[in-house]
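Predicted model only: the values in this text are computed from it and were never measured. Per chain, numbering begins at 1; letters A, B, ... match sequence-line order.
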Amino acid sequence: MAKGIDEPLLRLEGVHTHIGPYHILHGVYCEVPNGELTMLLGRNGAGKTTMLRTIMGLWRASSGSIHFDGRDITALPSPDIARSGIAYVPEAMAIFSDLTVRENIVLAARNGPVHSSRLDWMFGLFPALKRFWNLPAGHLSGGQKQMLAIARAIAEPRRLLLVDEPTKGLAPVMIHSMIEAFRALKAAGETILLVEQNFHAASQLGDNVIVMDDGLIVHSGAMSDLVADKALQQRLLGLSLDSHQ
Amino acid sequence: MTRSSAPARSFTETRIRRGPSSWLLSSDTPRSWALSLILIVIVTCLAAAPFLFSGSQPLSTAAKICVFVLLVASYDLLLGYTGIVSFAHTMFFGIGGYGIAIALERLGPSWESVAVGLVAALALSAVLAAVIGLLSLRVRAIFFSMITLAVASAVAVLASQLSAITGGEDGLSFQLPAELRPAFRPFAEPILGLAINGRILAYYMIFITAAVLFLVLLRVVNSPFGRVLQAIRENEFRAEALGYRVVAYRTAASVISAMAATVAGALLALWLRYNGPDTTLSFSIMIDILLMVVIGGMGTLYGAIIGAALFVLAQSYLQVLMGAGSQTLSGIPILPDLVHPDRWLLWLGLLFIVSVYAFPGGIVGHLRKRGRSHELG
Amino acid sequence: MSNAAAEPIETSLPRARIDWIPLILVPVLAIATLPLVGNVSAWVTLTVAGLAMGMMIFLMASGLTLVFGLMDIINFGHGVFISLGAYATLLVLGPLAGWASADSIGLNLALLVLCIAAAMGLTAVVGVVFERVIVRPVYGNHLKQILVTMGGLIVAEQAIHAIWGASPIPVPVPETLRGAFVIGDIVMERYRVVAIGIGLLVFFAMQVLLNRTRIGLLIRAGVENPEMVEALGYRIRRLFVSVFVAGSALAGLGGVMWAFYRQTLTAGMGMEVMVLVFIVIIIGGLGSVGGCFVGSVLVALMANYVGFLAPKLALVSNILVMALVLIWRPQGLFPVARR
Ligand SMILES: Nc1ncnc2c1ncn2[C@@H]1O[C@H](COP(=O)(O)OP(=O)(O)OP(=O)(O)O)[C@@H](O)[C@H]1O
Ligand SMILES: [Mg+2]
């Protein structure tokens, strides 16, 4: 597929989402460039999860359009969106706790067995999965479940990973290894849209940043610009200096 | 458990038109001319049935309608207003019938026996309804349907097996108190050309009891309690979040509904001077109740009147009509089979499915909607 | 399926814990009633009868519980498929009556297989229609589901009346399946043994399907979180329709077995046994196939033992079992994890 160099992999244009009677997204415009890691920030209830779910087709955009890889995916059913090359790691991880780690990965690989080199790469990122390979996923710890959820998203090559708050509720040492894993994914050339509450972690990882508030995009640009501009951080995220540790 | 039918109405709107009739109806008036007219015709016919029709068959039909109006209205409290499906309604209906039958048979035909039977039946129903509600609604509302089905059929089997007490499959026949027997003549002179006897008194006892309890149910659904029930029906989790104890409210509704059904069963037994598995306990009556409440209109209470009247009339007369149709169509393949008198339930079943899909408000909802669109247009 | 499992990997955690207590209930019940029954041969007869009945209930209930688990749909019209399956035997028994009375195991078993094939075929087709016409429009609304599937039940029962008549129809058990195996003073009715065999066969086939195939993994995953299955790129709808149809066909199979067991057909026979089916899926845990199996055996054994010891209380005893289980484990013996 020939595309312009500047063509973003994912583009949302004026996306509105209603959940039942509630109007959550109020016209979201944003882009995720190919091959880069884009952070999605915003306070609790800003609509980050809703945006990811809308991209996946789990909530329906009531108006606006979502283009992925040059294709309009706004009205596609979720499975088709997934098959167009988007992998989703939901906020609640949604691993299948009744299935073993292995079975979780088997389901994630739609096109047959996982290539052994890819498996080794995944085990390198998340060694715990190798140890608990045949254990029901429900027995894993919270951090291990999160690793499994991410491993499931990368079991086969995908064009775009949507990851919702992978560090939520994790111990600092776990957060650290999670960040390392994302760094490795980035180095492997994956395109990632990552929701993260922890600005400190986000600033280390992101190439780009999108900030949401009240169902709208209030800022987007390079991460380095936001990191440099303390006043902007203060205004957008309400960050005070002490939360930087 | 969300329902798309009957949007919660504005109560202030109906409160404006006050008056004695509005008080009687708890400010929940029919709100449609056509509906009011139909209701007035039905209620008038029922009120004057002994004077309008001669013979025992029409009076029996009228009595049955009265009983079923009460039974269906009490079921609507559960299905339409609380949003839970019970299959144990006939169990409570049967408990009422057996309460009267056993008491009158054992203790003799006196009013004290009626009182003992009724009170015992009411107590048993209340306890059973509370236990079932607390056991199943605590977990999931969907369990309630399955558990009521299981319990009701176990009770039905039990009733037919404990023949020493219940008369088994044959049921129990019994004598009524003297005042309700055909031979009883309260007045020397005929009134409006009709010689009043105990049978007619029994009819009016049924009519008045059913009417009063119907109005009580109307009051219940329009009380703050009733509104909480509807809030729970619309959104269980929100009601819970607002601090209402959903299980307690649903169980209470189930108890009230069960007790009204028990009275209905008692009335039917008194009218038939008999109670058995087929008149009150059988699963086919449960199906009849479902048909009546859905076709009449869930969540409207008035639907009970229309549904019961329509259904009982259909049961008594439609089969005759279909028999005639089947005769005229004989010779054509299949068609006579389809309008065969035994197939009437097939057609009602189809009507039922269509009602659930297309007219969730049933006949009452449909009339009201039409009335409203006329006003607007 | 996957080469991923090829290398053995050690786990430092204890192996998957199996929840033994509910499983132990069955032998405990069986052994505890032995002294009550008092006589070993009667006890064996009762136990065999109970197991046979349990297998049949399991066949009828397993589809229903999976459909519920997968799509949160409760089908009160499931009994239709049981009745239809039972009546489908007439399609075979009519033209092949000779095979039933022939004193040949081969012909008799062939007849049974044909009956099963006819029943499963018919109920699968009706299942497709039922899903499309009755169930799909009311997805997501329990109240309407119960009402509409109940409506479907009324119409289907009436249709059976219209086609086959309203009076009960006797069904002869094929010749060689009548009578009993006698070992010493222990008597086991042949047909019951066959029924147990078929039930176990289906149970193990289902276990293999659910645990060893991708479809099975998808079903189990879908019971737990249908949305995530979609987000992984699988169409849960198709999966659901197949499970619904398979469940209908299994109910049809159960109906055939049940028909030969009762040796009479009535349109209401499906709905009658649905009472036990509901008790079973509540006891087992909605959505759990294993729970459904244990629940079926438990309920059927209980019904047979109590039916022997205190005949009038058979059904009531099951209500009691259900109440006790719900007090002990409100979500059933094997609660299914759900979002
Ligand atoms: N199922 C739902 N029904 C109604 N409102 C919802 C639902 N899910 C989310 N919302 C509302 O939508 C808004 C955005 O929620 P969303 O979960 O997208 O926020 P978020 O940015 O992901 O927050 P967090 O950082 O806490 O995860 C919130 O106000 C929330 O209350
Ligand atoms: Mg979120």
For the residue pair C/I169 and C/Y87, establish whether any side-chain heavy-atom pair is separated by less than 4.5 Å. yes

Heavy atoms, side chains only, cut-off 4.5 Å: are C/F76 and C/V148 in contact? no

Between C/I319 and chain B, with a heavy-atom cut-off of 4.5 Å, which part of the residue counts as in contact: side chain, backbone, both or neither? side chain

Can you tell me which portion of B/V294 sits under 4.5 Å from chain C's heavy atoms? Options are side chain, backbone, both or neither. side chain

Output the distance between atom CG (B/L77) and atom CG (B/L301), rounded to the nearest 0.5 Å. 7.5 Å

Does the side chain of C/V67 come within less than 4.5 Å of C/H78's, by heavy atoms? no

Region of B/L290 that comes under 4.5 Å of a non-hydrogen atom in chain C: side chain

Atom OG1 in B/T148, atom CG in B/L128: separation rounded to 0.5 Å? 12.0 Å

Which one, B/V151, B/L135, B/L345, leads in non-hydrogen pairs under 4.5 Å with chain C? B/L345

Looking at C/L276, C/L313, C/V316, C/T149, which has the largest count of heavy-atom pairs under 4.5 Å with chain B? C/V316

On the 0 to 90° scale, with breaks at 30° and 60°, tag the B/H366-B/F359 ring pair as parallel, tilted or perpendicular. perpendicular

Identify the residues of residues 157-170 of chain B whose heavy atoms come closer than 4.5 Å to a heavy atom of chain C, ordered by number, or report 'none'. B/V157, B/L158, B/Q161, B/L162

Interatomic distance, CZ@C/F68 vs CG@C/L64, rounded to 0.5 Å, equals 9.5 Å

Which residues in residues 283-312 of chain C have a heavy atom less than 4.5 Å from any heavy atom of chain B? C/L286, C/P311, C/K312

Check whether B/L291 gets within reach of chain C through its side chain, its backbone, both or neither, counting any heavy atom under 4.5 Å. side chain

How many angstroms lie between atom CE of B/M298 and atom CG of C/L147, to the nearest 0.5 angstrom? 5.5 Å

Does some side-chain heavy atom of B/Y75 sit less than 4.5 Å from a side-chain heavy atom of B/T90? no

Measure distances from C/V277 to the heavy atoms of chain B and classify the residue's part below 4.5 Å as side chain, backbone, both or neither. neither

Quick one: which of C/A166, C/P137, C/A156 has the most heavy-atom pairs under 4.5 Å with chain B, could you say? C/P137

Pair C/E131-C/R237, salt bridge (Lys or Arg N to Asp or Glu O under 4.0 Å): steps then yes or no: CA-CA 11 Å; C/E131 196 279 332; C/R237 243 280 31 110; 2.3 Å; yes

Atom CG of B/L134 and atom OG1 of B/T251: how far apart are they, to the nearest 0.5 Å? 4.5 Å

Atom pair OG (C/S248) and CZ (C/F81), whose distance is rounded to the nearest 0.5 Å: 3.5 Å

Taking the inter-plane angle between the rings of C/W258 and C/Y261 on a 0 to 90° scale, is it parallel (under 30°), tilted (30 to 60°) or perpendicular (over 60°)? parallel

